[in-house]
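Quick notes on the structure that follows.
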Number of protein chains: 2
Amino acid sequence: MTRKDEILQVSARLIREKGYVGLSMRDLAKAIGVKAASLYNHIPSKQAILAEIILHLAEDFTSQIQHVAIKSISSLDKLKQIIEHHVDLSLHHPNKLALLNNEWMHLEGQSLADFKTMRNQYEEQLRQIINQGKANNELKALHTELVLFSLLSTLRNLNVWIKKRGSIPAEQLKNELHQVLLNGIS
Amino acid sequence: MTRKDEILQVSARLIREKGYVGLSMRDLAKAIGVKAASLYNHIPSKQAILAEIILHLAEDFTSQIQHVAIKSISSLDKLKQIIEHHVDLSLHHPNKLALLNNEWMHLEGQSLADFKTMRNQYEEQLRQIINQGKANNELKALHTELVLFSLLSTLRNLNVWIKKRGSIPAEQLKNELHQVLLNGIS
DNA sequence: GTCTATACCCCGATAGAC
DNA sequence: GTCTATCGGGGTATAGAC
């Protein structure tokens, strides 16, 4: 792992704990074992750390949902694959996902604009999949925005839950999530 | 409204936008129309602002769920009343709720400990209601922790959704939420 | 209850030696 | 690539006049 990767990884963990504004470059440097000035040989600014972490993940989500959207499968299967991708990323990059969810408002300039664009794209793709499912009678005729919101709320919180509940096998988590999110609890 | 109430209200809005660490007492004072030093005639510290807002709301949630838990009604009706309380608070105190969800980690000392205690109490009460529902065959035999997590994820994000989606009648929102959360979407 | 002035501290970032 | 030293700015909070 390069020093830059180390900086990004440690930053993700510390920003998750202290928030972007709450983490100082001096604290970050201390956690890595160098002086603050040395960080600037690997990254141009504190802001660039946040942008690189968040935009990289946002691009991953965006390309995955576009890939799923054009498949010739049922809307329910599309939703299942989207859920599974959230589970996989939540298991492998929990800290970086936390930044995507909670620190994006500290992005600035073009990074912030790009993030918002990708976020809207993602929600729009998911909205269309839900509406397809309703048209095919795979999904109940519920308020699309509320279904979208409920799904995303749970998926975006997966990393919190995984951190608290400890290790549950990925496959079991996916199966149970499909049931809870798609079939209901009562 | 007293000046102190004004400080709490404006603080909630600005902390929601900038984060607790990102909001300075100078910015807060400017938004209210006084100088920063004047704030300290009404509140003892910046930290006390955060603690008062969050702990007040946390006490509200805790007392409500304890009140519901001991009622002689079905588990499903208990869940409905809990959902409705989240909707009501999300509509009336969206900014303060955002702090409860996103800024609690910046609490310090006893305030942080008290918050965590109330949070655990709330989750434990909800866990028991879910388990009762499973025992009564009102709820499916799903992983309790996953049901708890999915419910709370959606309820805790209500204020985000309400802010983005604009005004939907409270009664309609409650009805649709009951369907989505309790009956499933497929 | 609000003000000005200020104490004391930490911030992000850069310059330049090694 | 890391260091020391430092610049310029902004942070919370207090003292004391009005």
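So you know, we letter chains A, B, ... as the sequences are listed, proteins then strands, and number each from 1. Fair warning: this is a prediction, and the values are worked out from it, not measured in the lab.
- A cation-pi contact, defined as under 6.0 Å to the ring centre and within 45° of the axis, is absent between Lys164(A) and Phe149(B).
- Each side chain to side chain donor-acceptor pair (under 3.5 Å) pair with one or both residues in residues 139-156 of chain B, not counting sequence neighbours, appears once here: Ser150(A)-Thr154(B), Thr154(A)-Ser150(B), Arg165(A)-Glu145(B), Glu123(B)-Arg156(B), Arg127(B)-Glu145(B), Asn131(B)-Thr144(B), Lys134(B)-Thr144(B).
- Distance His42(B) NE2 to dA13(D) C1': 15 Å, rounded to the nearest Å.
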Query - Test side chain to side chain contact (heavy atoms under 4.5 Å, CB included) applied to Tyr122(A) and Thr117(A), step by step - result: CA-CA 9 Å; Tyr122(A) 192 87; Thr117(A) 299; over 6 Å; no

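- Between Arg3(B) and Val34(B) there is a side-chain heavy-atom pair separated by less than 4.5 Å.
- Put simply, NZ on Lys30(B) is 13 Å from P on dT12(D), counting in whole angstrom units.
- Going from atom NZ of Lys46(B) over to atom P of dG11(D) covers 9 Å, rounded to whole Å.
- We find that OH of Tyr40(A) is positioned 19 Å from P of dA5(D), with the value rounded to whole Å.
- Between Glu52(B) and Lys4(B), at least one side-chain nitrogen of the basic residue sits less than 4.0 Å from a carboxylate oxygen of the acidic one, meeting the salt-bridge criterion.
- Residue contacts shown for Leu23(A) are limited to sugar-phosphate atoms, with no base heavy atom under 4.0 Å away.
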Could I get a table of every N or O pair under 3.5 Å where one atom is in the protein and the other is in nucleotides 3-6 of chain C?
{"from": "dC3(C)", "atom 1": "OP2", "to": "Lys35(B)", "atom 2": "N", "distance (Å)": "2.5"}
{"from": "dC3(C)", "atom 1": "OP2", "to": "Ser38(B)", "atom 2": "OG", "distance (Å)": "2.9"}

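- The interatomic distance linking Leu50(B) (CG) with dT12(D) (C1') rounds to 15 Å, in whole Å.
- The shortest distance between the side-chain N/O atoms of Ser24(B) and the OP1/OP2 oxygens of dG11(D) is below 4.0 Å.
- Distance CE (Met25(B)) to P (dT14(D)): 10 Å, rounded to an integer number of Å.
- Ile7(B) places its CD1 atom 14 Å from the P atom of dT12(D), with the value rounded to the nearest Å.
- Using a 4.0 Å cut-off between a side-chain N of Lys or Arg and a carboxylate O of Asp or Glu, Asp77(B) and Lys71(B) do not qualify as a salt bridge.
- For the pair Leu28(A) CG and dG12(C) P, the computed distance is 9 Å after rounding to whole Å.
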